[in-house]
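Proteins get letters first, then strands, A, B, ... in listed order; numbering begins at 1 in each.
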Amino acid sequence: MPVSGWARQGDDAGRAFQRGREAYASGDYARAERAFLDITRTQPRNVTAWANAGTAAWQAADTARAVQGWQRALRLSPLDYTLRDRLALARAVQDRGPARVPPVPVQLGTVLALVLWLAGWTVLARRAWRGRPVARWAAGLTLACAALVLAATWLDDIDRGRRFAVVTRPEPLRALPVLGADRGVAPLTGEVALILARQGAWAQVRLDGKREGWIATEFLLPLGGD
Amino acid sequence: MRRRRLLLGLCALALATSARPAHAQYPPVVTRSRLDPSRGVNFHAILLPDTIFVGQQATYQIGVFLNQEVRQRLRRNPEFVPPETRSLLVYELPDAKSPLVGNIDGRAYEVHVFQRAFFALSPGRYDVPASKLTYALPQTASFFSREDTHSLRSEELTLVVLPIPTAGRPADWAGAVGNWHSRLRTDSASGRVGNPLVVTLRIEGQGNVALLPRPRLDVPGAGVVAADERVELDSTPSTLRGAKEFDWLVTPKAEGRLIIPAQHFSYFDPVARRFEAAATSSITVSVSAGDAVGVDSAAYQPLAAAPVAAPGASVLTIRDELGGESSFAWLTAPWFALLMLLAPLPALVGAFRRRRPASGCATPARPRRPTRRRCGASRTTPSATASAWTSGSRSPMACSSPCCGTRASPQTPRAAPTRCCARSMRPRSPGRPMAPRRHAASWPPSTPPSTPRRAAARRCGDPSGCPSRDFSSRPAL
């Protein structure tokens, strides 16, 4: 039964949350982080669980996991400035480049596009039924809405974080996806990278400041994929 | 006589050293592959070993067997596309400089062998897809003959990767796999307090040297900071080997004898299937008094080991209430797409009705398109024109299109042929005068025409008129 399944999931999440709180209060930050991460497995878009997991990881001296938790929470709730304050604790820059999350509501672009589309076509329908020309207006409306949908898609891509990852280790970037390749700059732990391509166990990433190179995927924590 | 004996002895030695079994000189893909003698080209792959531990090398060998006839007919080298393996680290191994030539099952073959080293980073079962070989053979012996392209696929293989056993695993094992030796050195045998020494641990041997983790170095009485790493890869024809050097900056805190302790680098030997340790000897450095400036040893703590949250720092607060899940943008929601698709429909329907006026308000008896006969009738005689006008269904200059009837008026006979009418009328035949001009001379007809609105009402059969069909003033969509 789906309903009972949801209820059970909610109960499990509540119990895990309580476990995490107790572990955090007792100073067992690693256990608290695990408990909060347990919630995110069943509720991958829970802002509170991700934020608390990040905080517990930070207290457990796990910078990459902390950035992952806070970044995922921020991408779900871009207007939450307490999360931005938390992210500012990390040494790696979190307000520029791939790490930057625009402070724009998640649904803003979508709602604007939808309202404009519906209102515009309502007006155009009225004009059409009165026998007035609508072609130019329709073209303009379509262009405006397409621009809004594109902007909303771009924001949605950032919010979902499918192409973003957190660097877990300051391993130097390679010029090619082989270990013998020339080594470049080393990213900081907790730096957010944009994944450009994947090849086997390697990922081509771009960091803030247009730094690009290949890094083993084992040194990356994904920011998307729920 | 002595010289003769010496010569004989050298010959015997040379024979003895070269008397190894013949198959030991060939790669396994040559000795283990089953060839189809009926085919000119055989293409086989082999993975050795097919069961490995995490971090152990598996060698992927591809053998291209060309029989003598095909070899002579080939005009260019075959193209080999290696398999695309996911989740495996792949290294190119150097190919043989020249192909192997020999007899297999009594047939002469030229064998090209390509090799790759595979490393898996996690246990599991990995499928290695087939490699592809493409070659072209001429149809005849002529130089200008066309070529037939052939394609072959090798076997699809499976690699099983086992986890590193937990039994006997040392506490300081950090994931190194292979067969390693280590050596410790410093850049100087003496130093001064506060002046850093460079201590280097060199680990060399067989295995994926780039994956070797940095060991932990603790030097009592000195600050230790991790510094550079260097990798030297040496891919021999069949195995990956090399050396990795780890540097530390060791800063003595007090004068005297600084002992850099012996290092034990634990690794897992996949061949012996047990954990080993590469040990070094300790190094003693004599440290003299340093500069007058004091050294803050805390500044030399390795960054990697430093806790992110400093001891004593305030503990961050967590959120007390478990909220619900947030939603992403509705872009991918089905109802969003449905709304976006349905929204233009009313306007499109309205515009469509505007473009197809005859389809909605026409009387059943009215033909959709004007006919030459009707238009011609209206042009031939003024009486016919007048009767047509009286009936309210025709303009004297127009065809049967309803828009023409509403457009035409006695006051503006020359403006009567609207765009709709002009589109529906056929070109007049040469030498035949255009009828509307004659009608214009006999204007107005005997019976005055009704207003366009009434005329439209008559056509619709609705006394209230058909205002929605009054398209005369509407521009096209």
Non-hydrogen side-chain atoms of A:Trp121 and B:Leu345 separated by less than 4.5 Å: no
Within 6.0 angstrom of B:Glu84 CD, more than 12 heavy atoms from elsewhere: no
Contact class of A:Thr82 relative to chain B, heavy atoms under 4.5 angstrom: side chain
Segment of A:Ala51 engaging chain B (4.5 angstrom heavy-atom cut-off): side chain
Residue among A:Asp159, A:Val47, A:Val178, A:Leu114 with most heavy-atom pairs under 4.5 Å to chain B: A:Leu114
Close side-chain approach of A:Tyr24 to B:Leu316, heavy-atom, < 4.5 Å: yes
Close side-chain approach of A:Glu218 and B:Leu211, heavy atoms under 4.5 Å: yes
Smallest separation among heavy atoms of B:Ala347 and A:Leu124, with atom names: CB-C, 3.9 Å
Proximity breakdown for A:Arg183 and chain B, heavy-atom pairs closer than 4.5 Å: side chain
Contacting region of A:Leu108 [heavy-atom separation from chain B under 4.5 Å]: neither
Contact winner vs chain A - B:Ala210, B:Ser122, B:Ala343, heavy-atom pairs under 4.5 Å: B:Ala343
Greatest number of heavy atom pairs closer than 4.5 Å to chain B - which of A:Asn52, A:Thr217, A:Thr48: A:Asn52
Side-chain heavy-atom pair A:Thr55, B:Arg319 within 4.5 angstrom cut-off: no
Contact origin within B:Glu229 toward chain A - heavy atom pairs under 4.5 Å: both
Closest non-hydrogen atom pair, A:Ala201 against B:Leu121: CB-CD1, 4.4 Å
Proximal component of B:Asp320, with respect to chain A [non-hydrogen, under 4.5 Å]: both
Over 12 foreign heavy atoms within 6.0 Å of CH2, A:Trp137: no
Heavy-atom contact with chain A under 4.5 Å, split by part of B:Leu339: both
Heavy-atom neighbours of A:Arg198 CZ exceed 12 at 6.0 Å: no
Under 4.5 Å from any heavy atom of chain B - which part of A:Arg126: neither
Residue, of A:Asp80, A:Thr142, A:Thr189, that accumulates the most heavy atom pairs under 4.5 Å with chain B: A:Asp80
Among the listed options B:Val231, B:Thr317, B:Val209, the residue most often paired with chain A at heavy-atom distances under 4.5 Å: B:Thr317
